[in-house]
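I have placed the structure first, in the form of structure tokens, so that the comments after it can refer back to it.
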Amino acid sequence: MLVKGTHYRTVWMDNGSVRMIEQNRLPFSFEVHACNSVEDTCQAIRDMTVRGAGAIGATAGFAMAQHFLDPKQKTEDALEMIKRTRPTAQNLFYAVERVYNQAANSRKPSSAALEEAQAIANEDAEACRMIGENAARLLAGHPRMMTHCNAGWLAFVDWGSALSPVYAARRNGITPFVYVSETSPRGQGARLTAWELGQEGIEHAVIPDNASGFFMKNGDVDIAITGADRIAANGDTANKIGTYMKAVIAKEIGIPFYIAAPTSTIDFRCPDGRGIPIEFRNQDEVLWKSGVTEDGKIERILTSSPGSLAKNPAFDVTPARYITGIITEKGIVKPSELWELKR
Ligand code: MRU
């Protein structure tokens, strides 16, 4: 997608180095971060320099390829190190296992790993493009859509999941309006989705997370679409913390609530949402906030009562009964029909 007129992917590999858009500094500063070792790449996933299910999946695949290009430890140790970076997004495990299996069964492991990692990144971009094509019909006229977190192109290799239908609709001459819930505590909505939509010229407004019910009840929202970090076989879906309450309110009011995700996010080995591991992150993400001062300096300030502890679950699970449909590159299915996509 375009940043100030230049086409970027969120993550890519260049001569053994994994390059990514530095998401912790957006929207205040646009920088490209380079990871020259598997350790660097793992650190970038952990500290969320790169984030979002598809983007960390592609990054994990590239990290596995980095290992095969220049092995500095046992392959099983590198595999485990990459898998331990973040626990919830299924795409990470999907990608790292695919690259590992391809390379381990090849006579030229380094080129096999590189090719497979590149294929995963390309497939992610194409799946997201198709998600947009498949779901554009859900947005007609001047649709008012609500989303949560960032499931746009920054969260994938390109296009995004929940925002891809917005971009596809706009290409079809439709003018969507997007309610962007800010996404406490890290602000992926306010910082990343709002920035992305601004770059694309899409009309939008940032709203506090706890104003979602207000706007839905007021009749201001036609449809809600969010992304997913892992979808269990029965359609229960883990996504950024705060998704569950939006889905419950949407059902109460009768607003269609869709999940958009490539099929690489579906974990058919996990029967229902109880099996999805939920990441708890550092309490400082709740207690402290960072932003930019009027004179352009990025600063971090304490915004909670000094000495208070915080709890910080990064994801919640929305039960399948609250989900109208799951939008994938293969089409839109009801949660109960998910198994059809396994074929
Ligand atoms: O913790 P993050 O920012 O990596 O969160 C993951 C997500 O991007 C969201 O939950 C998103 O809606 C899923 S789709 C990439």
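Note that the numbering runs from 1 along the sequence shown for the chain. Computed from a predicted structure; not experimentally measured. Each ligand, and each atom within it, is numbered from 1 in the order the structure gives.
At a 4.0 Å cut-off, at least one heavy atom of Arg86 sits close enough to ligand 1 to count as contact. The shortest heavy-atom distance from Arg186 to ligand 1 is not under 4.0 Å.
Ranking protein heavy atoms by distance to atom 13 (C) of ligand 1, first place goes to Asn239 OD1, 3.1 Å. Closest to atom 10 (O) of ligand 1, if we only count protein heavy atoms, is Asp229 OD2, 2.5 Å. Of the protein's heavy atoms, Arg51 NH2, 2.7 Å lies nearest to atom 8 (O) of ligand 1. In this structure, atom 15 (C) of ligand 1 lies nearest to the protein heavy atom Ala53 N, 3.1 Å.
No side-chain heavy atom of Phe280 sits under 4.5 Å from any side-chain heavy atom of Asn312. Two residues are said to be in side-chain contact when any heavy atoms from C-beta on lie closer than 4.5 Å; Arg186 and Arg281 meet this criterion. By the 4.5 Å heavy-atom criterion applied to side chains, Tyr179 and His204 are not counted as neighbours.
A salt bridge is defined here as a Lys NZ or Arg NE, NH1 or NH2 lying under 4.0 Å from an Asp or Glu carboxylate O, and Glu80 with Lys74 fails to meet this definition.
Residue Gln188 has at least one heavy-atom neighbour below 4.0 Å for each of these atoms of ligand 1: 1 (O), 2 (P), 3 (O). The ligand atoms of ligand 1 that sit less than 4.0 angstrom from a heavy atom of Asn150 are 8 (O), 11 (C). Listed by number with element, the atoms of ligand 1 under 4.0 Å from a non-hydrogen atom of Ala151 are 12 (O), 14 (S). Interface atoms of ligand 1 facing Met48, defined by a heavy-atom separation under 4.0 Å, are 1 (O), 2 (P), 3 (O).
Environment of CD in Glu31: crowded, with over 12 heavy atoms of neighbouring residues, nucleotides or ligands closer than 6.0 Å.
Side-chain contact of Ser17 with Asn36: a donor-acceptor pair under 3.5 Å is present, judged by distance alone.
Counting heavy atoms closer than 4.0 Å to ligand 1, residue Ala228 contributes backbone atoms (N, CA, C, O) but none from C-beta onward. Of all the heavy atoms of Thr226, none lies under 4.0 Å from any atom of ligand 1, so neither backbone nor side chain is involved.
Expressed to the nearest 0.5 Å, how far CD1 of Ile323 lies from OG of Ser336 amounts to 11.0 Å.
Separation of the Tyr8 and Phe30 ring centroids falls under the 6.0 Å cut-off.
Between His148 and ligand 1, no N or O atom pair is found at a separation short of 3.5 Å. Some N or O of Lys240 is nearer than 3.5 Å to an N or O of ligand 1, by distance alone.
For the pair Asp158 (side chain) and Ala125 (backbone), a donor-acceptor distance under 3.5 Å is absent.
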